[in-house]
Amino acid sequence: MPREVFGRGYDFLPRAEILSLEECARLVRIFASLGMEKLRLTGGEPLLRRNVEALIGMVRGTPGLQDIALTTNGSVLSEKARALREAGLHRLTVSLDALDDATFRAMNDADFPVARVLDGIDAALAAGFSPIKINMVVKRGVNDDQIAAMAHRFSGPQYVLRMIEFMDVGNSNGWRMADVVPAAEIAERTELSLTPLAPNYEGETALRYRTPGGGELGIIASVTRPFCKGCTRARLTADGKLFTCLFSAHGHDLRAPLRNGASDADIAALIGGIWGKRDDRYSELRTSETAALPKAEMSLLGG
Ligand SMILES: C[S@@+](CC[C@H](N)C(=O)[O-])C[C@H]1O[C@@H](n2cnc3c(N)ncnc32)[C@H](O)[C@@H]1O
């Protein structure tokens, strides 16, 4: 959320507009009844949602749900790691774009030092999360000089490092193709001898490698090698809109039916109808013209 676009005093949605934890849990049950196996809490910053660990406790044990993950910027992870683990969170992803403090701040405009994120990662390891996934978005001329340092720092078996091609999500991040460091170049610049790994499952987004340190490094080539065909992700915003693609301009409102007395079966039918018509393949069709079309922001959709 660049300050020059959003202003310094970010506007938050009024409380009544965001789904309550109970409404979120109900939707998780409905999605799981339709076959959802994996849930990721993201944002925005999910650890800023008061009592997010209570939501994890509420959805843990939902029939069919096998995996609960959370993506965070790590700013309050030191304080929250143990509670998240105790609530039943299975997996944690921490976003970290650089080890150098100035580069870290240049990438994410954060008002906290990189040391705080590194402390959060250590706290999460101590709380029992392992491996921890580290997401690094690579932007040419901003943090690409950190590729080798990040690859070395997180090459151990307790980490899964993901290096992500910078994407044109939303309209506020000033994306240009020239900012993208292609996956092949990222792999080379790790300066590690990488052994390719087979995909874990069909539709997996990362090209995966074993690192010499016994860890895993994956490169998400969403720009140079799009994977729309294998994408099975549904995204739900904090105010209850269902997006069928990370690059859509609009979502489908689930909050109104949720609050207007619709039954679980009604909502399941609504979701099934939306999902059945899904034909998004933005990344396969991407051009500099499509990049300029209106799209929902990353801060709404969570990645
Ligand atoms: C939008 S954040 C939301 C969760 C949380 N606030 C965080 O920082 O991890 C989710 C992920 O999207 C990644 N991301 C953000 N902008 C991106 C872009 N333009 N291209 C690729 N990945 C991006 C972030 O690095 C992060 O790992």
Side-chain angles (χ1 to χ4, degrees), residues 1 12-73 84 87-93 95 135 167 169-170 203 205 228 231-280 282 294-303:
M1 300 182 77
F12 288 92
L13 284 173
R15 186 108 198 125
E17 286 189 22
I18 61 173
L19 300 181
S20 67
L21 297 185
E22 289 72 18
E23 288 170 329
C24 291
R26 182 176 168 206
L27 282 176
V28 169
R29 284 194 293 278
I30 296 171
F31 274 98
S33 76
L34 289 165
M36 178 186 74
E37 296 173 352
K38 182 165 148 184
L39 172 70
R40 175 173 299 276
L41 301 172
T42 169
E45 174 46 47
L47 299 188
L48 293 184
R49 178 69 187 256
R50 194 173 303 142
N51 224 358
V52 71
E53 51 276 34
L55 175 60
I56 296 164
M58 284 155 83
V59 299
R60 181 175 67 177
T62 299
L65 184 62
Q66 294 169 19
D67 186 24
I68 310 174
L70 181 144
T71 304
T72 174
N73 64 18
L84 293 169
L89 183 67
H90 298 128
R91 292 187 304 119
L92 197 60
T93 300
S95 302
N135 271 1
M167 290 188 285
V169 185
T205 52
C228 301
C231 174
T232 57
R233 291 183 184 198
R235 295 178 168 83
L236 183 72
T237 62
D239 61 349
K241 295 208 173 54
L242 172 62
F243 278 74
T244 57
C245 176
L246 182 57
F247 301 93
S248 301
H250 303 289
H252 304 263
D253 185 30
L254 301 183
R255 189 184 65 197
L258 205 61
R259 292 186 178 174
N260 291 342
S263 67
D264 286 3
D266 294 337
I267 296 172
L270 177 64
I271 295 170
I274 295 165
W275 199 250
K277 292 200 199 76
R278 176 176 181 255
D279 61 358
D280 312 275
Y282 176 89
K295 290 178 258 116
E297 291 296 324
M298 182 67 113
S299 48
L300 200 70
L301 298 179

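If you read the sequence from its start, that first residue is 1, and numbering goes on from there.
To the nearest 0.5 angstrom, Ser20 atom OG is 9.5 Å from Leu55 atom CG. Note that the CG atom of Leu236 and the CD1 atom of Ile271 stand 8.0 Å from one another [nearest 0.5 Å]. Taking CG of Leu89 as the reference point, atom CG of Leu39 lies at 9.5 Å (rounded to 0.5 Å).
Residues Ala262 and Ile267 share a closest heavy-atom pair of CB-CG1, 3.9 Å. In plain terms, the two heavy atoms of Pro294 and Ala249 that are nearest each other are O-CB, 3.4 Å. In this structure, Met298 and Met167 approach most closely via the heavy-atom pair CE-CE, 4.3 Å.
Applying the salt bridge (charged side-chain N to carboxylate O under 4.0 Å, His left out) test to residues at least two apart or on different chains, the pairs with a partner in residues 259-274 are Glu23-Arg259, Arg26-Asp264. Identified under the salt bridge (charged side-chain N to carboxylate O under 4.0 Å, His left out) test for residues 29-55, with sequence neighbours left out: Glu53-Lys80. Counting only residues at least two apart or in different chains, side-chain hydrogen bond (donor to acceptor under 3.5 Å, both in side chains) contacts with residues 243-258 comprise Thr244-Asp280. Sorted by first then second residue, the salt bridge (charged side-chain N to carboxylate O under 4.0 Å, His left out) pairs that include residues 60-70, not counting sequence neighbours, are Asp67-Arg91.
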Side chain to side chain contact (heavy atoms under 4.5 Å, CB included) evaluation trace for Ile56 with Leu41: CA-CA 9 Å; Ile56 296 164; Leu41 301 172; 3.7 Å; yes
Apply side chain to side chain contact (heavy atoms under 4.5 Å, CB included) to residues Leu242 and Phe31 and explain how you reach the verdict. CA-CA 11 Å; Leu242 172 62; Phe31 274 98; 3.9 Å; yes
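Two residues are said to be in side-chain contact when any heavy atoms from C-beta on lie closer than 4.5 Å; Leu246 and Lys295 fail this criterion. In this structure the side chain of Leu19 reaches within 4.5 angstrom of the side chain of Leu258, judged on heavy atoms. Side-chain atoms of Ser95 and Thr71, non-hydrogen and from C-beta on, do get closer than 4.5 Å to each other.
Checked against side-chain hydrogen bond (donor to acceptor under 3.5 Å, both in side chains), Thr42 has no partners two or more places apart in sequence or in another chain. Annotation: side chain to side chain contact (heavy atoms under 4.5 Å, CB included) contacts of Ala268 (sequence neighbours excluded): Ile30, Leu34. The ring-ring contact (aromatic ring centres under 6.0 Å, His included) check on Tyr282 picks up Phe247, with sequence neighbours excluded. Annotation: side chain to side chain contact (heavy atoms under 4.5 Å, CB included) contacts of Leu270 (sequence neighbours excluded): Leu254, Pro257, Ile274. Every residue meeting the side chain to side chain contact (heavy atoms under 4.5 Å, CB included) condition with Ser299, not counting sequence neighbours, appears here in chain and number order: Met1, Phe6, Glu297. For Thr237, the side chain to side chain contact (heavy atoms under 4.5 Å, CB included) criterion is met by Asp239, Lys241, Phe243, Leu300, Leu301, not counting sequence neighbours.
Formation of a donor-acceptor pair under 3.5 Å by the His90 side chain with backbone atoms of Ala69 is not found in this model.
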